[in-house]
Structures are given as structure tokens and as C-alpha cells.
Asker: 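The structure that follows is given in the form of C-alpha cells.
We name chains A, B, ... by the order of the sequence lines, and we start the count at 1 in each one. Being a predicted model, the structure only gives us computed values, none of them experimental.
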There are 2 protein chains.
Amino acid sequence: MSWRKDSRGERGYHHGNLKEALLQAALGLIAEKGPAGFTFADAARTAGVSAAAPYRHFRDRDDLLASIAQRGFEQFELVLTAAWDDGRPNTVTAFERIGKAYLAFARTEPAFYSAMFESGIPVDSSPELAAAGERAFGVIRAAAERLAALTPPGVTRPPAMMMALHIWSLAHGVASLFGRGDAARRKLPMSPEDLLEAGALIYLRGLGFPTDQNVHKSDTTTAPKSGPWGTAPK
Amino acid sequence: MSWRKDSRGERGYHHGNLKEALLQAALGLIAEKGPAGFTFADAARTAGVSAAAPYRHFRDRDDLLASIAQRGFEQFELVLTAAWDDGRPNTVTAFERIGKAYLAFARTEPAFYSAMFESGIPVDSSPELAAAGERAFGVIRAAAERLAALTPPGVTRPPAMMMALHIWSLAHGVASLFGRGDAARRKLPMSPEDLLEAGALIYLRGLGFPTDQNVHKSDTTTAPKSGPWGTAPK
DNA sequence: GGCTCATGTTAAAGCCATTCACATGAGCTG
DNA sequence: CAGCTCATGTGAATGGCTTTAACATGAGCC
């Protein structure tokens with residue numbers, strides 16, 4: 001009844017790394033069937049253990065989901081931080097990259113994304129989860145602060161927090177409504193990325209930032225666009 | 001085994017209006033426990049029928065959910081239409097009211113809202129659902145078209161569809177992230193309504209609309225259909 | 001070698017979704 | 001009014017899921 005752990009990854013009575021295996025299994029299942037379709041039992045089956053085993057590592061199904069959401073926020077923070085790249089080569093460009101990274105994350109990591117935002121687990125489900133979410137948002141806020149500090153002279157400086165919330169909301173709205181591959185999709189005359197970029201540029205212009213191609217400092221390459229929205233809607 | 005229908009709303013073997021009763025029951029349950037927590041059996045119990053009865057009216061649980069979402073979009077359309085009020089007293093003010101109505105709907109009708117946007121049912125689940133969603137969005141699009149037509153001279157006119165999508169995304173993002181009473185709430189330095197209004201105003205300013213304090217609310221003297229702020233042939 | 005406890009297993013209770021055969025009675029037809 | 005029919009409900013059965021409890025295993029430690 002109890003096989004030894006052989007060279008091919010078989011296991012004995014004890015799994016050895018069940019917690020991690022369950023998280024991975026759940027991630028795959030959520031990606032397949034959404035956070036609602038995912039079942040605790042299925043994750044256990046995928047990991048090759050009995051249905052009761054997961055309870056040694058997670059209080060219940062929601063606890064697993066919260067763990068995934070937390071891990072998702074951690075990944076999210078990394079991705080956003082990389083996109084921001086400390087504001088290089090210039091603040092506006094880097095800021096735009098954050099928006100793109102937001103959408104890219106929603107698209108390439110739908111399992112994380114839905115666990116984070118659509119699973120129905122409250123943000124304050126655990127302090128760690130809340131903290132992870134806060135850190136991820138912190139990247140956007142920090143970028144907004146840098147951006148706010150660059151407000152052109154003669155323009156009243158907007159609160160960085162508000163800017164961060166606006167951009168977050170816009171990115172989140174675009175991602176939620178149009179961002180995922182196949183579910184809940186609505187037809188769009190443009191890509192979500194372009195939609196978000198245009199919106200963000202218009203928004204920044206509304207704050208007094210010069211956003212057209214001829215303006216910003218060290219941006220060497222320029223897009224052939226003439227304004228926030230390209231040439232013509234499809 | 002079969003009571004007569006007495007004066008107080010008791011019922012006999014046949015319910016008489018079960019479909020409606022199930023929709024109402026489900027609506028209440030979703031409001032209580034979210035779209036995930038709601039169960040078909042619970043709805044049946046609330047309506048006072050056996051667990052199998054609902055299947056005479058809905059193909060399955062998702063079908064009920066889709067019906068609720070559809071009804072939600074219909075309500076939503078009404079609410080948005082009322083808020084828009086055909087652009088009175090001026091286009092920008094009415095446009096702002098749409099944003100407020102969006103948030104108000106998310107807050108006062110959380111059951112509808114989550115069935116519409118967070119239940120995981122695909123938009124094209126049924127043609128009726130898709131059409132209802134399209135009509136609701138149509139209100140925003142129509143408003144955006146009126147607004148786009150008012151672009152001040154000398155400014156390139158933005159595509160109305162794009163404007164509509166931006167505003168929808170922003171409103172949806174704010175509502176999803178911060179809009180509901182108690183679940184998934186994050187702390188905010190301002191109300192969701194103020195956040196959205198500020199964002200929308202900044203956005204409109206970025207499009208070249210004069211939106212600051214010195215600008216509008218000035219529909220009192222001029223005829224509502226003339227001048228830069230009111231001319232919009234239907 | 002022997003202990004102990006974290007980690008798994010089996011078994012069981014309770015809930016839910018879904019289906020099938022059957023019951024009821026509302027409304028039509030004559 | 002008698003009788004028929006079919007939409008609408010009921011009960012019971014199947015199979016899955018969640019969660020708990022009692023028991024088994026063996027890894028790490030003396």
C-alpha cells in the first residue's frame with residue numbers, strides 16, 4: 001500500500017510537498033474552469049491524494065483560494081515593479097508600461113487574476129493577503145507620486161493617491177471588461193492595450209501633462225501616432 | 001396533500017408564478033451571499049417548492065443566473081437612461097450623472113451587479129442577455145456621441161465609441177474595486193463617487209473639454225439647444 | 001530500536017445539482 | 001359537467017463536493 005519514492009517522482013504515503021502541489025493544481029484548474037468551477041476535491045485528485053488530505057494544509061477551500069490570491073498579488077507586484085523599472089527611460093513611458101503590464105497579467109495569468117479579483121474572497125480575508133494587495137498597489141502609487149512630482153509648472157498638482165486610484169480603476173475596468181482571452185468578452189474596435197493606453201494618455205493630458213510624441217524628453221523612439229488614439233478606429 | 005389557495009397567498013399543488021418567485025428568491029440570496037454562495041436548492045426552498053421544481057423553468061442553475069443578469073442589464077439600462085435624461089440640463093452634467101448612476105446601481109443592486117459582472121456566466125450565454133447588455137452600454141455610447149459632437153473647435157474629435165469605452169471602464173473599475181458596501185472593500189481617501197467624478201472630469205479635460213469650475217452649470221440663461229454646450233441634433 | 005507527530009487515508013454525514021418516473025389539477029373540448 | 005391533456009410539481013435516486021473524525025504511516029529524533 002505504500003510505495004517508495006522512486007526515481008520517477010512516485011511517492012510514498014507522504015507526498016512530501018503537498019501544499020505546493022495543491023497550489024499548482026488549483027492554479028491550473030482555475031485557469032481552466034474559473035474560480036467558481038474549481039473544486040477542492042479536484043485539486044486533491046490532481047495532486048494524487050485523497051480528498052481529505054488538503055485539510056492538513058488549508059483550513060478550507062476559501063483558504064486555498066486566498067493563498068492563491070496572495071501569491072497572485074506577490075507576482076503582480078513583481079510584474080508591475082519590473083514594468084515600472086524605476087521610471088526609466090522616462091516617467092510617462094514607464095507609467096504606460098505599468099498599464100500594459102496590468103493587462104498582460106490579467107491575460108497571461110487569468111487564474112491568479114480571477115483569484116485576486118473575482119473569487120469573492122474578501123481582501124481582508126487574511127492580513128497577509130491584504131498586505132500583498134497593498135504592496136502591489138503601492139507600485140502604482142509610487143509611480144503616480146513620481147509622475148505627480150513632474151506636474152508642469154503652472155498646473156495645480158494632483159494628489160498622487162488619486163491619480164493612482166484613477167489609473168488602477170481604469171486598468172482594472174479595461175482588464176475586467178475586455179481583457180481576458182475568451183470569457184465574458186465583448187467586441188472592441190481596438191485592443192484592450194490600445195484602449196487603456198489612449199485612456200491613460202487622455203487622462204494625463206487632462207492633468208496638464210504633455211503627452212504627445214514630440215514632448216517627452218529622452219524617449220528616443222517615437223510611435224507614428226499623432227495623438228492618444230491612433231489614426232482611425234477600425 | 002394539496003391545500004387550496006387561501007386568501008393569504010398559500011398555494012396548491014401548482015405555484016402559479018414560480019418562475020418569478022424563483023427569480024426574486026435568487027435575487028435575495030445573491031444579495032446575501034454573493035453569486036457563488038447562492039444555490040439552486042436554496043432558491044427553491046425559499047420559494048416553497050421542491051428542489052426539482054425549478055427545472056421546469058430554468059435549464060439549470062446558470063440559466064437562472066443568466067436570467068437575473070439579463071434582468072439586471074434591463075434595469076441598468078433604465079437607470080442609466082434616466083440619469084442621462086437626454087443630456088439635460090447640459091451634456092457634461094448629464095454625462096457625470098451617468099457615472100454616478102453606475103456607482104449607485106452597483107451599490108444599491110449588488111445582486112444584479114454581481115450577477116451581471118461577477119457570476120462567471122459568459123455574456124453570450126444567451127442572445128437576450130447579450131442584447132440587454134448591449135442596450136445598456138448603448139446608453140453610455142449615445143451619451144458619448146453627444147459629448148463627442150460637442151468637442152470644442154480646434155480639437156481633434158475623439159471617437160465616441162472610444163470615449164464610451166473609457167468611461168465605462170473607469171466607472172466599472174471604480175465600482176468593482178471600491179463600490180460595494182462591505183465586500184472586497186479597500187480603504188479610500190474619498191468616496192467612490194468623488195473618485196469617479198474627478199477622474200471623468202480630468203479625462204474630459206484631456207479631450208479638450210473645458211470642465212473646470214468656471215465652465216459649466218451655465219445652462220440657465222441660454223436655450224438648452226444652442227451654443228457650444230447644448231447643440232446636439234439628436 | 002522505539003517514540004511521536006505531521007501528514008495521509010478511509011468512512012461517513014450532509015448538502016447540492018440533476019434526472020426520471022409519477023402525481024396533480026387548470027384549461028380546453030365536447 | 002365528464003374527460004383529456006399537458007404544463008407544472010413531487011419524491012426518490014445518483015453522483016459529486018465539503019468537511020469532520022478515527023485511524024494508519026513513516027520521517028525525524030532520542
Asker: Keeping to residues at least two apart or across chains, list the side-chain hydrogen bond (donor to acceptor under 3.5 Å, both in side chains) pairs with something in residues 26-40 of chain A.
Answerer: A:K33-A:D42
Asker: Pair A:R146, A:F95 - check side chain to side chain contact (heavy atoms under 4.5 Å, CB included), show working.
Answerer: CA-CA 10 Å; A:R146 285 270 287 280; A:F95 201 72; over 6 Å; no
Asker: Provide the full list of side-chain hydrogen bond (donor to acceptor under 3.5 Å, both in side chains) pairs with a residue in residues 51-67 of chain A, sequence neighbours left out, each pair given once.
Answerer: none
Asker: So what does B:R56 touch, heavy atoms closer than 4.0 Å: a base, only the sugar-phosphate, or nothing?
Answerer: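 Base contact.
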Asker: Using the ring pair (Phe, Tyr, Trp, His ring centres under 6.0 Å) criterion, which residues pair with B:F38? Sequence neighbours excluded.
Answerer: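 Result, ring pair (Phe, Tyr, Trp, His ring centres under 6.0 Å) vs B:F38: none returned.
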Asker: Base, sugar-phosphate, or nothing for B:R59, non-hydrogen atoms under 4.0 angstrom?
Answerer: nothing
Asker: Would you mind reading off the distance between B:N17 atom CG and C:dA26 atom C1', rounded to a whole angstrom?
Answerer: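 Nearest whole value for this atom pair: 15 Å.
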Asker: Would you say the ring centroid of B:F117 lies under 6.0 angstrom from that of B:F73?
Answerer: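 So the answer is yes for these two rings.
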Asker: Do B:E193 and B:K100 meet the salt-bridge criterion of a basic N to acidic O distance under 4.0 Å?
Answerer: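 Salt bridge: no.
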Asker: Identify whether any heavy atom of A:D60 sits under 4.0 Å from a base atom; if not, whether one sits that close to sugar-phosphate; answer base, sugar-phosphate or nothing.
Answerer: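 Sugar-phosphate only.
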Asker: B:F76: which residues meet the ring pair (Phe, Tyr, Trp, His ring centres under 6.0 Å) condition with it, sequence neighbours left out?
Answerer: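 B:F76 satisfies ring pair (Phe, Tyr, Trp, His ring centres under 6.0 Å) with B:Y102, B:F105 only.
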Asker: Please give, in whole Å, the distance from D:dT19 C1' to A:D62 CG?
Answerer: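 So the CG-C1' distance, A:D62 to D:dT19, works out to 13 Å.
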Asker: Within residues 18-34 of chain B, which residues have any heavy atom lying less than 4.0 Å from an atom of DNA chain C?
Answerer: none
Asker: Whole angstrom is fine here: how far is it from CZ in B:R45 over to C1' in D:dT10?
Answerer: 15 Å
Asker: Is the shortest distance from a Lys or Arg side-chain nitrogen in B:E20 or B:R71 to a carboxylate oxygen in the other one below 4.0 Å?
Answerer: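 Counted as a salt bridge, because a side-chain N and a carboxylate O are separated by less than 4.0 Å.
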Asker: Report the distance from atom CG of B:D42 to atom C1' of C:dC16, rounded to the nearest whole Å.
Answerer: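 Nearest whole value for this atom pair: 10 Å.
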Asker: Apply the side chain to side chain contact (heavy atoms under 4.5 Å, CB included) test between B:E96 and each candidate in B:L201, B:I167, B:L196; give the one that qualifies.
Answerer: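 Only one of B:L201, B:I167, B:L196 forms a side chain to side chain contact (heavy atoms under 4.5 Å, CB included) with B:E96, namely B:L201.
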Asker: Would you indicate, yes or no, if C:dA6 has its OP1 or OP2 atom less than 4.0 angstrom from a side-chain nitrogen or oxygen of A:H57?
Answerer: no
Asker: In whole Å, I'd like the distance from the CG atom of B:D63 to the P atom of C:dT18.
Answerer: 10 Å
Asker: With a 4.0 Å heavy-atom cut-off, tell me which residues in residues 48-55 of chain A come close to DNA chain C, sorted by residue number.
Answerer: A:V49, A:S50, A:A52, A:A53
